[in-house]
**Student:** 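My structure is below; once you've seen it, I'll send some questions.
Below, all heavy atoms of this structure are taken into account, side chains as well, without hydrogens, waters or symmetry copies.
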There are 2 protein chains.
Amino acid sequence: MSTEQNSEDRPAAAVAAPPPAPSRTQAERRALTEERLLDAAFAIVADRGVRAVTTAAVGERAGYSRGIVNHQFGSRDQLMVRLAETVQGRFTPAPEGRRGRAHVLNVVDDYLGTVRSDARAMRVFLRLWAAAVGDEEPGLSAAFTRRDAFFRDYLRDALAEGRADGSVRADIDPAATAVALVGLVRGIAMQCQVDPALASDDRVRAAALALIDHGLPVRG
Amino acid sequence: MSTEQNSEDRPAAAVAAPPPAPSRTQAERRALTEERLLDAAFAIVADRGVRAVTTAAVGERAGYSRGIVNHQFGSRDQLMVRLAETVQGRFTPAPEGRRGRAHVLNVVDDYLGTVRSDARAMRVFLRLWAAAVGDEEPGLSAAFTRRDAFFRDYLRDALAEGRADGSVRADIDPAATAVALVGLVRGIAMQCQVDPALASDDRVRAAALALIDHGLPVRG
DNA sequence: ACTTACTTGCTAAGTGCTCAGCAACTTGGA
DNA sequence: TCCAAGTTGCTGAGCACTTAGCAAGTAAGT
């Protein structure tokens, strides 16, 4: 996936097969095709939802034929899994030097900031996650089970570190609190999805941070 | 919807048309049919997900024919909306005498308790909500936009009351904090859905309450 | 009788996937 | 260096299947 805005601006692509450069390695062709298909699937999820991702729609939006998805990925399900992994890669928290409580607050703040700064990617991520929760896409459930565990473990470790350096209360349970924090940011982002007025409201972000920041420190 | 467990224990219903009592008012027939259809739809969502709710599957599971849903509700979409409203009705918070911070904590505790005590209904609620967020079911999005606003307003008022009676910090924003709290409980419940091991872990519930309880009081 | 509940046959639209075949690329022998 | 043989990317017709909804009919209540 190069960027997310090349959803409709590939002009002649949908008409005939893409002849961008005259000569390409087979590996290059394959990689380029995969990228285009993932871009197309991304755009369709963003615009019309997970259910609208049909093999034909993806192939044609990417400038190929109806059969390309099955040829490239084997099945629609595997395309969805690859898409999920790709989108998940965008939301990997960056340590950024901070530690303990400040680190946790930073991760949460970043996450909620993404709701505004990269609304399209967040929309796709949440729609894929919703499909996984609803058990509508077999492969997605496994992909997000792994992803959730990773995110929780990351926050658990940050919380444990904060407890060790004294920036986080000693009586909290790092693992369980990590579940609550992941829930907090996801749940807020989901509401923003249903009601866009919330997404453009910085008070929600501030309230979430305040909730955490007054809950974690040793002194209130 | 009578109860949630009558999903498979209506013996002869699936074989022929239901002849439960020989004589019924037209209004009674209609009401009974509606209830059975909603029960069937509920069970299908719980067992196989929102997408598996086809008009034929619902009709036949309820002991009727394929066409009954369209006859009774006009369209599949309207069945889904009615189902959502019915399920939402189960999750209306009961005031229960408490006020301010204790009231807020009580509502959150109840909600998280439901993840274990009425897992089936919670599962259906979350799957419907996920479908609404994913924009897969047109009518559901509107139904849950209303529902979310109601739940947020309810918590906002409880928080404002707590601020007035001194049980909640004066510097919090009731409306924005309500969004965070709704997100917290929904996000936790969603994770429990994907990873059932979390659902049976009381530490998560305790951690969520601790997060709130140390965040809201005037004294830390 | 008449209205309403409900069934059943049908349709049109849409689904993922298969497969034969063509065209572009790669490889290796001369 | 060239060119045939082999491999891979990709197409597009078609298959088997599912869907929501309609229309015409039958049965049950008034």
**Student:** Is it true that A:Asp135 and B:Arg51 have a side-chain N and a carboxylate O under 4.0 angstrom from each other?
**Tutor:** no
**Student:** Could you go through the side-chain contact (heavy atoms from CB on, under 4.5 Å) check for B:Leu128 and B:Leu83 one step at a time?
**Tutor:** CA-CA 9 Å; B:Leu128 291 172; B:Leu83 177 63; 4.2 Å; yes
**Student:** Grab the CD-P distance between A:Glu60 and C:dG16 for me, whole Å please.
**Tutor:** 12 Å
**Student:** Grab the N/O contacts between the protein and nucleotides 10-12 of chain C below 3.5 Å, and write none if there aren't any.
**Tutor:**
residue : atom : partner : partner atom : Å
C:dC10  : N4   : B:Arg66 : NH1          : 3.1

**Student:** Is it true that A:Arg36 and A:Asp39 make a salt bridge, defined as a side-chain N closer than 4.0 Å to a carboxylate O?
**Tutor:** no
**Student:** Is there a residue in residues 68-77 of chain B whose heavy atoms reach under 4.0 Å of DNA chain C, and which residues are they?
**Tutor:** B:Ile68, B:His71, B:Gln72
**Student:** Could you tell me the separation between the CZ atom of A:Arg30 and the C1' atom of C:dC25, rounded to a whole number of Å?
**Tutor:** 14 Å
**Student:** Which whole-number value in Å describes the distance from A:Leu37 CG to D:dG9 P?
**Tutor:** 13 Å
**Student:** Remember a base hit wins even if backbone is also touched, and classify B:Val58 as base, sugar-phosphate or nothing at under 4.0 Å, heavy atoms.
**Tutor:** nothing
**Student:** Under a 4.0 Å threshold between the charged nitrogen and the carboxylate oxygen, would B:Arg120 count as salt-bridged to B:Asp47?
**Tutor:** yes
**Student:** In the structure I gave you, are the side-chain heavy atoms of B:Asp157 and B:Arg152 within less than 4.5 Å of one another anywhere?
**Tutor:** no
**Student:** Measure CD/B:Glu34 against C1'/C:dA5 and give the value in whole Å, please.
**Tutor:** 14 Å
**Student:** Taking for each residue the nucleotide of DNA chain C with the nearest heavy atom, is it A:Arg51 or A:Gly67 whose nucleotide lies nearer the 5' end?
**Tutor:** A:Arg51
**Student:** Is the distance from the ring center of A:Phe125 to that of A:Phe144 below 6.0 Å?
**Tutor:** yes
**Student:** Between A:Arg82 and A:Glu34, does any side-chain N to carboxylate O distance fall below 4.0 Å?
**Tutor:** yes
**Student:** Does some side-chain heavy atom of B:Arg186 sit less than 4.5 Å from a side-chain heavy atom of A:Met190?
**Tutor:** no
**Student:** Taking only side-chain N and O atoms of A:Thr55, does any of them lie within less than 4.0 angstrom of OP1 or OP2 on C:dC17?
**Tutor:** no
**Student:** Rounded to whole Å, please give me the gap between CD1 in B:Ile44 and P in D:dT18.
**Tutor:** 15 Å
**Student:** Tell me, do B:Leu79 and B:Val53 make a side-chain contact under 4.5 Å, heavy atoms counted?
**Tutor:** yes
